[in-house]
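First the structure, in the form of structure tokens, and then the observations on it.
By convention in this document, chain letters (A, B, ...) are assigned in the order of the sequence lines, proteins followed by strands, and residues within each chain are numbered from 1. Both backbone and side-chain heavy atoms feed into the values below; hydrogens, waters and symmetry mates do not.
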Amino acid sequence: MARRNFDHQKNEERINKFWGSQKLSEIDIASAKNKYYCLDMFPYPSGSGLHVGHWRGYILSDFYTRYQMLQGKTVLHPMGFDSFGLPAENAAIKNKSHPKKFTDQAIKTFSAQLKQIGAAYDWTKVVTTSDPNYYRWTQWLFLQFYKHGYAEKRQSLVNWCPKDQTVLANEQVVNGKCERCGTVVTKKELAQWYLTITKIAEELLTGLDELDWPEHVKTLQRNWIGKSTGTSVVFKGKENLPDIEVFTTRVDTLMGVSAVVLAPENPLTSIYIINDIKPAFEKYLREVTAKTNIDRAQTKESSKTAIFTGSYVIHPVTGEEIPVWVADYVLSDYGSGAVMSVPAHDERDYLFAKAHNLEIIEVIRGANDSKLPFLDEGKLVNSSQYDSLTSAQAIEQMTADLAKAHLGQAKTTYRLRDWLVSRQRYWGAPVPVVYDPDGRAHAIEDKHLPVLLPTDVDFLPGGESPITRSREFVERAEKLYGKGWRFDTDTLDTFVDSSWYYLRYLTPNDAQQAFDPKLVEKWLPVDFYIGGIEHAILHLLYARFVYRFLVNHKYITNGNKEPFQKLFNIGMVTLNGAKMSKSKGNVVSPDPLIEHYGTDALRGYELFIGPLEAEAEWNPRGISGVYRFLIKANELLNKIKPASSAKAKQAFNDYLTHVNEMIADLRINTVISEAMKFVNVLEVNDFDTEVLERFLITLSPACPYICETLWQELGHKESIFTASWPESLETTKETKISLSIRVNHRHVQELVCDPAANADELLKQAKNEPKIQEKLRGKKIVQVINKPELCFIDIVTD
RNA sequence: GGGCGUGUGGUGAAAUUGGUAUACACGUCGGCUUUAGGAGCCGAUGCCGCAAGGCGUGUGGGUUCGAGUCCCACCUCGCCCACCA
């Protein structure tokens with residue numbers, strides 16, 4: 001900095017004050033016209049603070065925020081904190097403190113760090129999910145689900161993390177392990193609240209089609225919803241046994257069934273198991289329950305564990321007796337928790353049959369793999385009246401026949417499960433439900449919201465919610481409702497908190513309602529939503545569900561059913577190939593970089609490092625290139641001439657054309673490259689104030705401080721962000737163009753020529769060049785491809 | 001096993017969408033400047049070769065006057081889902 005003798009930090013402070021006084025980013029939600037809602041996924045305020053990887057997404061969203069300001073939009077660009085959750089609670093346990101204290105401190109640190117980015121956040125609209133003024137409305141939201149029959153309390157076998165001592169949603173179990181702490185998840189029987197997201201699975205699936213989201217994210221969601229069309233088939237119970245319904249996508253293999261298999265947890269098992277086998281079954285059930293999800297999902301295991309019930313069902317077509325088994329490869333919570341086993345045409349059924357000596361009947365032939373034929377590939381055999389049909393024909397015919405006989409029907413199932421929202425932890429919004437002395441659940445009335453978290457609680461996990469141990473919580477319920485009444489002592493999954501925060505930004509302090517429908521109708525959908533790929537399924541699916549629920553039940557009535565129109569997933573920043581994390585000790589702090597190079601240089605480098613959706617390896621020296629570029633840009637101020645050269649003007653127009661396209665395509669790394677190239681051009685060509693000003697506007701979304709500073713030095717009183725995105729300049733037509741002369745498709749040299757020249761003239765001119773003569777010596781020209789509009793002439797020889 | 005994606009210099013990467021491959025940077029090398037340190041400035045830098053020249057976008061084919069780009073097959077690495085009937 002000796003050379004530049006420029007104090008970034010002082011200047012940044014000065015510009016920050018200027019922007020503050022101009023109320024650049026504080027917008028009036030109600031009166032705004034021409035809105036643009038630019039949203040970052042709000043952070044969890046951890047204790048460890050922001051590193052350069054976190055910056056990347058925030059800078060991208062700020063780039064577009066400022067770019068849209070220059071397009072004349074009123075931009076809402078808010079920031080908030082997803083501040084309920086386990087880490088604060090665990091930190092409090094560790095430090096014998098309170099999660100609130102920890103959280104408040106972390107928010108303070110985070111806010112200060114976020115301000116260093118220089119982003120145009122509207123700090124008057126901060127949302128904090130652990131604030132009673134926010135979670136009061138999270139509780140209200142839960143009660144709306146309850147009111148419309150979308151919240152149900154169910155007793156079921158749930159995912160249980162033994163370390164965090166809480167249940168987990170399906171989505172929070174990753175490879176059989178707790179998403180948070182990595183502990184192997186076990187099962188536990190508990191009564192829990194569910195939001196019935198499966199009721200609108202189809203809407204959530206089809207709604208994806210209209211969204212401007214990365215295709216792979218849509219694919220992830222589609223796979224997660226997992227729509228599957230098939231047939232449900234009824235196997236009548238023998239004698240007094242109840243019927244068993246199975247779901248299959250391959251009803252064409254119905255004549256190859258050698259067993260019907262129930263999931264161990266299926267309630268029918270206890271009816272089907274005959275007395276002789278009961279003790280063996282109970283032992284089997286204990287073994288199965290003790291297994292972790294990982295153990296159970298061992299596809300490659302040579303033998304499938306199972307037990308014969310001793311009972312039979314009736315085949316719906318042949319009337320034959322089919323043995324009923326129980327096996328843990330059948331899932332209790334998918335389809336009907338029962339399958340028809342066709343060993344000849346399903347790998348799992350095949351392993352099961354082999355292990356237990358069941359009949360293997362081939363019913364499809366002609367496929368290239370006799371074990372796993374695909375639709376349309378084979379024809380049916382051993383299937384009496386269905387023989388010689390293709391699989392597709394057989395599926396249609398057999399489904400129709402079963403329906404006629406009332407033994408089946410076409411059916412669609414989804415892999416998606418209902419959303420388990422109860423958590424046995426302290427630091428979350430209490431489930432707003434109260435139980436009467438008979439244990440019946442009642443919604444808490446609006447006038448009693450929020451149900452505040454009790455404070456007389458230790459946070460040590462103990463298998464049930466720590467809140468259970470609060471005296472005050474018990475007394476509060478009795479005071480409000482009478483003796484023997486108890487509040488629900490669980491808290492809501494924090495994904496409930498984050499499923500609606502983007503609505504609250506519009507009216508963060510409204511004490512009368514969760515959100516203002518008029519303003520939501522005006523500002524939603526979010527125009528641009530930026531965050532990490534890790535939220536591709538959970539958060540984005542839940543938020544879509546919640547928003548759609550609100551629309552379907554007329555809380556919001558603008559007809560738009562999706563909250564996030566355009567989504568961008570920012571790529572991770574790595575160091576030595578690994579994700580930055582405090583525990584790995586490979587975190588790059590922005591602080592020394594800001595101090596040495598300034599905020600603009602760091603912003604510029606974060607954008608320049610590579611395509612923003614891709615992972616990027618942090619190069620500690622890379623920032624100096626951007627820094628040098630900014631020094632050069634800064635010095636342009638001293639090089640202004642009264643008039644611009646044609647070359648500078650043309651270069652600006654080319655630059656602008658490229659940059660406009662790149663911004664539309666979210667290719668910001670090349671926007672910075674183009675700016676560097678253009679500055680290199682200005683260094684050696686005369687330019688005037690007009691060119692420089694236009695250039696500064698285009699650079700300002702990436703590097704706002706230096707551009708605002710130079711803008712002021714050029715005599716402007718208003719902020720550069722009140723200017724308009726530039727148009728191209730008037731230029732005179734070039735009288736000469738530079739052509740690439742190629743011989744046999746290979747570039748040999750450049751040739752300056754008249755753009756109006758015809759092929760013969762150009763060839764004559766080219767032949768005068770010694771280098772071309774050399775290449776053509778002794779060869780016969782067989783073709784000349786003349787494309788002046790593409791700036792080349794190609795001479796093809798024999 | 002299924003799905004998606006990737007492959008270009010020493011490194012991060014560009015390539016007007018089929019038309020001058022490696023722009024823009026980092027690094028490296030040489031020179032200048034500086035009391036020193038750092039920083040700065042100028043030049044060079046795909047590979048082989050003294051050179052002439054040749055070869056070059058994972059591999060092999062194809063289409064085309066022309067392929068990093070389109071088609072086919074294969075290889076590599078990565079990510080996600082994974083007993084979903």
Side-chain angles (χ1 to χ4, degrees), chain A residues 1-4 174-176 214-220 222-224 226-228 230-231 246-251 253 261 263 293 296-301 304 327-331 333-342 345-349 351-352 372 413-417 533-534 536-537 572 577 604-605 608-611 613-629 631 654 657-658 661 667 669-680 738-742 744-750 774 782-785 787 789-796:
Chain A
M1 265 148 315
R3 188 169 192 285
R4 197 169 171 220
V174 179
N175 292 328
E215 212 40 58
H216 71 278
V217 176
K218 292 206 234 179
T219 305
L220 282 176
R222 288 193 186 105
N223 292 345
W224 190 264
K227 182 176 182 175
S228 176
T231 311
V246 304
F247 173 74
T248 179
T249 54
R250 295 298 306 275
V251 72
T253 64
V261 188
N293 289 13
R296 229 174 125 164
Q298 291 304 318
T299 325
K300 295 284 177 281
E301 209 177 347
K304 297 260 170 196
D328 69 344
Y329 79 91
V330 179
L331 305 174
D333 55 355
Y334 180 76
S336 58
V339 302
M340 60 182 217
S341 180
V342 185
H345 302 286
D346 181 281
E347 197 180 357
R348 297 153 303 183
D349 294 344
L351 292 172
F352 166 70
L372 294 166
T413 60
Y414 299 87
R415 211 188 77 119
L416 185 69
R417 311 292 152 90
I533 186 73
E534 66 272 19
I537 299 173
M572 199 170 62
Y605 182 59
F608 179 68
I609 191 167
E613 69 279 7
E615 196 177 289
E617 170 71 14
W618 187 260
N619 177 351
R621 309 211 202 197
I623 190 173
S624 61
V626 179
Y627 181 60
R628 285 180 197 131
F629 154 71
I631 290 170
D654 293 345
T657 306
H658 287 141
E661 279 174 16
R667 287 152 54 218
N669 55 324
T670 55
V671 169
I672 307 296
S673 305
E674 290 299 318
M676 289 173 168
K677 285 190 218 179
F678 183 61
V679 166
N680 290 344
S738 183
L739 276 196
S740 159
I741 315 174
R742 299 175 201 178
N744 292 328
H745 324 304
R746 226 178 151 101
H747 171 79
V748 178
Q749 73 170 83
E750 294 213 330
E774 176 69 25
V782 295
Q783 191 184 7
V784 176
I785 301 153
K787 301 264 180 184
E789 73 278 12
L790 293 168
C791 297
F792 77 88
I793 176 167
D794 193 347
I795 303 165
V796 185

Which nucleotide sits closest to the side chain of [X]: [options]?
X: A/Asn619; options: B/A25, B/C26, B/A82; result: B/C26
X: A/His747; options: B/C26, B/A25, B/A21; result: B/A21
X: A/Ser673; options: B/A85, B/A23, B/A25; result: B/A23
X: A/Lys677; options: B/C65, B/A85, B/A23; result: B/A23
X: A/Thr249; options: B/G27, B/G19, B/A85; result: B/A85
X: A/Arg628; options: B/G27, B/C24, B/C81; result: B/G27
X: A/Val796; options: B/A23, B/C65, B/G19; result: B/C65
X: A/Arg667; options: B/C65, B/A14, B/A15; result: B/A15
X: A/Ser740; options: B/U20, B/A85, B/A14; result: B/U20

What integer distance in Å separates [X]:[atom1] from [N]:[atom2]?
X: A/Asp654; N: B/C24; atom1: CG; atom2: P; result: 15 Å
X: A/Phe629; N: B/C41; atom1: CZ; atom2: C1'; result: 19 Å
X: A/His658; N: B/A15; atom1: NE2; atom2: P; result: 9 Å
X: A/Asp794; N: B/U20; atom1: CG; atom2: P; result: 11 Å

Taking only the [atom1] atom of each, what is the distance from [N] to [M] in whole angstrom?
N: B/G18; M: B/G5; atom1: C1'; value: 24 Å
N: B/U57; M: B/G68; atom1: P; value: 7 Å
N: B/C48; M: B/G1; atom1: P; value: 41 Å
N: B/A13; M: B/A25; atom1: C1'; value: 9 Å
N: B/G46; M: B/G9; atom1: C1'; value: 5 Å
N: B/C47; M: B/C42; atom1: C1'; value: 26 Å
N: B/G53; M: B/U63; atom1: C1'; value: 31 Å

**Study point:** Quiz item: A/Glu750 side-chain donor-acceptor pair to B/U20 base, under 3.5 Å
**Key:**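 Flag set: donor-acceptor pair detected.
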
Report the base-pairing partner of [N] (Watson-Crick or G-U wobble, both distances below 3.5 angstrom), or none.
N: B/U28; result: B/A44
N: B/A82; result: none
N: B/C70; result: B/G62
N: B/A13; result: none

Check your understanding: Which part of the nucleic acid, if any, lies within contact of A/Leu220, taking any heavy atom under 4.0 Å across all strands shown: a base, the sugar-phosphate backbone alone, or nothing?
Key ->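 Sugar-phosphate, no base atom in range.
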
Review point. Looking across every strand, which nucleic acid part, if any, lies under 4.0 Å from A/Phe608 by heavy atom: base, sugar-phosphate, or nothing?
Key: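 Base, at least one base atom sits under 4.0 Å.
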
Practice item. By nearest nucleotide on RNA chain B, pick out whichever of A/Pro611 and A/Arg621 is the more 5' one. Key: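 Closest to the 5' end, via its nearest nucleotide, is A/Pro611.
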
**Study point:** Residue pair A/Tyr605 / A/Asn619, side-chain donor-acceptor N/O under 3.5 Å
**Key:**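 Checked: A/Tyr605/A/Asn619 side chains show no N/O donor-acceptor pair below 3.5 Å.
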
